[in-house]
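In what follows, a structure is listed as structure tokens, so that the remarks can point back to it.
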Amino acid sequence: MVHMSESPKHSFIGMFDSGAGGISVLRACVAELPHEHFRYFGDSAHAPYGDQGEERIRELSTEHATRFVNEGAKAIVIACNTATSAAAQHLRESFADVPIIGIEPALKPAALAGGRILVLATEATVRLEKYHVLAAKYGAEDMTTVACSGLVELIEAGNLDDPAIEAYLQEKIGHLRGQVDNVVLGCTHYPFIKKQITAVLGDVAFFDGAQGTAQHLRRRLEEFDLLAPEEQTGSIEFSSSIPAQVSLYQKLLDMT
Ligand code: DGL
């Protein structure tokens, strides 16, 4: 339980995503910062964000961030590439005193690794300017970018063994088998289906922004002198705009 009278170091980090995807980021953050209290909100009722307009995604993101700030969050992690593209700048302007950490497709490490790159992300992420700036920086001409509308719904349905996931990938990216070395998972839902992507593409290396986001969160907490003391026992609280989805969040967190 967080008491407002305690030092802000003891307060919690608010994280949100359109649903279960941000659990891949939460997992990395908990490993990096085991003494922190995390509150995770999945907006499964409004998923997918990736098929919605920029303004609507910004509106939903502002709602979640405002609630966390009002509850006393010491930092906010936007555990969603789509919401980061649409809303991070706006949230940083709205809440200048609170560190706001976003996530973006991990093009940099994929480009540094060398080889042919495939970027998978949502429709909104690849449409918005932020992605075009990033891709130009890391050699857009050498990358194949595929927007995966419909994939998040299959993952949110909670059965990762559903053959429909592999069938979807087969249709979408099956023709790229043998032509890709590095796959950038540019949506936080996708790290949960690496096995299915490998089945379709063959042996590839994966890159996602979770680890980088966790390290960035640590640096920001240090800068703001907000790191939880080492004697604090960390905790995780889940909530969702579809409360029944919380069991999926827990299941994904426990997945190795
Ligand atoms: N998990 C999100 C992302 O990282 C968005 C998925 C969606 O709702 O479209 O982009």
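Note: hydrogens, waters and symmetry copies are ignored here, and every other heavy atom, side chains too, is used. Counting convention: from 1, in listed order, for ligands and their atoms alike.
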Any idea which residues sit under 4.0 Å from ligand 1, heavy-atom distances? Asp17, Ser18, Pro48, Tyr49, Gly50, Cys80, Asn81, Thr82, Thr122, Val152, Cys187, Thr188, His189
Can you list every ring pair (Phe, Tyr, Trp, His ring centres under 6.0 Å) pair that touches residues 174-210, not counting sequence neighbours? none
Among Arg218, Arg27, His216, the one residue meeting side-chain hydrogen bond (donor to acceptor under 3.5 Å, both in side chains) with Glu32: Arg218
Going by salt bridge (Lys or Arg N to Asp or Glu O under 4.0 Å), name the residues that satisfy it together with Glu104, two or more places apart in sequence or in a different chain. Lys130
With sequence neighbours excluded, what pairs up with Arg177 under the side-chain hydrogen bond (donor to acceptor under 3.5 Å, both in side chains) test? none
Taking 4.0 angstrom as the limit, do Glu223 and Arg220 come out as a salt bridge? yes
Which atoms form the tightest heavy-atom contact between Cys29 and Leu217, and what is the distance? SG-CD2, 3.9 Å
